[in-house]
2 protein chains.
Amino acid sequence: MTTKKATIKDVAREAKVSVASVSRALNGQGGVTAETLERIRVAAKQLHYVPDNAARSLITRRTHTIGALLPDLFGEFFSELIRGIDLAARSRGLHLLVSSSHDGADEAAAALRAMHGRVDGMLILSPWVDEAFLDANLTDGLPTVLINSSVQASGRSVLNIDNRGGAYAMTEHLLRVAGHKDIAFIAGPAGNFDAEQRALGYREAMRKLAPKVPLNIVAGSFTEESGYQAGRELLKQERRPSAVFAANDMMAVGCLYAFKEAGLQVPADIALAGFDDIPIARYLTPPLSTVSVHIAELGRNALERLAALMDGREQSNSTGALGCAIAVRGTCGANRDA
Amino acid sequence: MTTKKATIKDVAREAKVSVASVSRALNGQGGVTAETLERIRVAAKQLHYVPDNAARSLITRRTHTIGALLPDLFGEFFSELIRGIDLAARSRGLHLLVSSSHDGADEAAAALRAMHGRVDGMLILSPWVDEAFLDANLTDGLPTVLINSSVQASGRSVLNIDNRGGAYAMTEHLLRVAGHKDIAFIAGPAGNFDAEQRALGYREAMRKLAPKVPLNIVAGSFTEESGYQAGRELLKQERRPSAVFAANDMMAVGCLYAFKEAGLQVPADIALAGFDDIPIARYLTPPLSTVSVHIAELGRNALERLAALMDGREQSNSTGALGCAIAVRGTCGANRDA
DNA sequence: AGCTTTCATGAAAACGTTTACGTTGGCGCC
DNA sequence: GGCGCCAACGTAAACGTTTTCATGAAAGCT
């Protein structure tokens, strides 16, 4: 039975009321007798009436949809983020329009423009956005929450992962609990926001907790290969560090390989820690100690914040950070002083 | 400069033409002089005019949006699928409305209804949908492509992973190339479409290529733990199989652990293969041989098919399958006969 | 009883487009 | 030069809702 499609008028005719009453009744705004409401209900159900979103949006100026602009993310992070956003959105009756895996500022800009007018708010996680980008492509006052972004523009709401706190905590753990002293750090790519924040956390912890130990930072680029190279470089140093903290797990994986190749025992000869808690982490031998981020929580939180923004419950210039937890496994040598 | 928002009327006034001409000009339908077209263009640009999607959809009956209904998927699979869909959608000027991680037929139905009228077509991947579900919740003729679904209803387009072919190919590889003879199979949960197809592929290959060898199938449930149990069970058999083919990688991981625990060498003492090619697979020691599915390709293909359906270029009852490739790594003992 | 207040209801405008149709004017053709 | 034709353009209807305002009736108050 693929009839044309029932409109509000059909329902009105069927229930012998005006379209206005149907609208009021179905939107639960009151102003209708219990009796007529019932009559309208049965008419609507009988005709399989479902209101037309386009028409509704046209006059309401609301789409009940939020847009998510995401870069080319890898598995776990992406799916968890979407999960968090989607769950929170659904529970608020919002829909989720996704535009992912764009790859460059131009593509991001195009995607953003295309969303324009289709969404009531935006969630943006992208390495390409900076203040200029936003000013150019987000002209009107579309509520927006930036995720894990370095922009600190006035009037922009941004939610970050507490990379710095996480790195601090892991460094502290390596120093205090595991009893290491010389802790080297494999940095991420320059200009990467996450990488810089993590380096900052490491520096801060070393400065406060081991002020006499010189910093030992080698370069990396978040790839497994760069971690391997960094590991080899560290082993060449005249005084081998007792622990290595890689700015992400992939580099830790590469680094671990370099250590094994050199015949070193981890963590007996040298300890290791990563950042991200990717799924592989717990399957390495020994399992990798790392800093884990609750990504779904990040998504959920971002959406809550956006919803608050859209409802006018919150200012648009708030900045927040989401905590990390350190996952102590095999590679960091937690029992060294035991 | 957050002005109200320019409408087509404003552009018309600015360019001193009628709204009809503006519409024609901006939609590139011809019927306007090159000169007026230019005048309209500059007016539009100057006013930052961007057409209202709601109004357009209202009259056009098109949203240029497709919906994706997905279950609670794990990392890699989810992100790759979305990537494939998104990329193909973008290149066609379509938007992607996602509703994921629903968890039960009721939630899926609600999500589907909510999409109703917001999308021009649907991509559905869900263990909860069967023919009855579709008939109940997809009343009108919304173009739909089912992904990896067991429904074989008339008038439904469905695109599957060639689980059967992949399992056949891997079994064949174990028999012919790696030279194994007794190949055991760890099955997935009963009622799971993927699991059953994979079992079918194993059976078929054994029947054709090693008809005299009795089938050796133990139960599993796609979890690591169940794989571990299955592994132990297999080792208890009076005649140990020379190779084990697990219906998914997680079970292979558990199985591998069981073998190691028993002090067996893989693949020297016993070979092993999985299915899915999850990211962990290549990081196991030895790296896991497995069947890999090009998930992004699956998404892309599904969207292409849907687009064809929407354009009326294709019948709505086509069924397709997407090939798998076997990834030969360390665990299957490919060099046994070498 | 007369007055005001409340409340359910309907008529109609508005939202911003697209498009069918009508109206021009210019041009070629006989 | 008159005729018809075609291209460019404008007018207005239509899409399906929500919402403002008017209307009338019922109910409450003095």
Side-chain angles (χ1 to χ4, degrees), chain A residues 3-41 43-44 47-65 93 95 114-120 140 142, chain B residues 3-41 43-44 47-65 93 95 114 116-120 140:
Chain A
T3 51
K4 272 293 170 58
K5 180 159 185 190
T7 79
I8 198 173
K9 283 185 187 170
D10 301 323
V11 179
R13 192 178 328 112
E14 184 75 19
K16 304 201 189 306
V17 291
S18 72
V19 292
S21 293
V22 176
S23 176
R24 277 187 289 256
L26 264 30
N27 291 337
Q29 305 185 313
V32 280
T33 321
E35 181 204 358
T36 51
L37 182 131
E38 186 55 24
R39 210 167 62 235
I40 289 170
R41 283 243 176 86
L47 296 177
H48 292 105
Y49 169 67
V50 32
D52 183 292
N53 287 301
R56 185 179 279 186
S57 292
L58 177 57
I59 193 150
T60 305
R61 317 304 305 157
R62 290 232 143 200
T63 62
H64 293 284
T65 302
H95 294 258
M115 292 243 182
H116 217 261
R118 292 177 188 273
V119 297
D120 295 341
D140 55 356
L142 192 67
Chain B
T3 51
K4 271 295 172 53
K5 180 160 184 188
T7 80
I8 198 173
K9 284 186 188 171
D10 300 323
V11 179
R13 192 180 326 114
E14 184 74 18
K16 304 201 188 308
V17 292
S18 73
V19 292
S21 293
V22 177
S23 177
R24 278 188 288 255
L26 265 29
N27 290 338
Q29 303 186 313
V32 280
T33 320
E35 181 202 359
T36 52
L37 183 133
E38 186 56 23
R39 209 166 64 235
I40 290 171
R41 282 243 176 86
L47 295 176
H48 293 104
Y49 170 68
V50 31
D52 183 293
N53 287 301
R56 184 179 283 189
S57 293
L58 178 57
I59 194 149
T60 305
R61 319 302 308 157
R62 291 232 142 200
T63 63
H64 292 285
T65 302
H95 294 257
H116 217 262
R118 292 177 188 276
V119 297
D120 295 340
D140 55 356

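Naming: A, B, ... by sequence-line order, numbering from 1 per chain.
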**Report entry** Nearest heavy-atom neighbours spanning A:S21 and A:V32
**Finding:** O-CG1, 4.0 Å

Query raised in the report: Has A:R41 got more than 12 heavy atoms of other residues, nucleotides or ligands less than 6.0 Å from its CZ?
Result: no

Report task. Sugar-phosphate atoms are those with a prime plus P, OP1 and OP2; base atoms are the rest. Using that split, label each nucleotide of nucleotides 9-18 of chain C B, S or - for protein heavy atoms under 4.0 Å, 5' to 3'. Result -> BBB--BBBBB

Query - Whether B:R118 side chain and B:T65 backbone form a donor-acceptor pair below 3.5 Å - result: no

Query raised in the report: So, are A:D10 and A:K5 salt-bridged, with charged N and O less than 4.0 Å apart?
Result: no

Query - Five-pair end axes of the helix from C:dA1-D:dT30 to C:dC30-D:dG1, angle between them (10°) - result: 40°

Query raised in the report: So, for A:A6 and A:L47, which heavy atoms are closest and what is the spacing to 0.1 Å?
Result: CB-O, 3.6 Å

Report task. State whether the number of non-hydrogen atoms from other residues, nucleotides or ligands found under 6.0 Å of B:Q29 atom CD is greater than 12. Result -> yes

Query - Atom of B:Y49, atom of B:L26 and distance for their closest heavy-atom approach - result: CE2-CD2, 3.6 Å

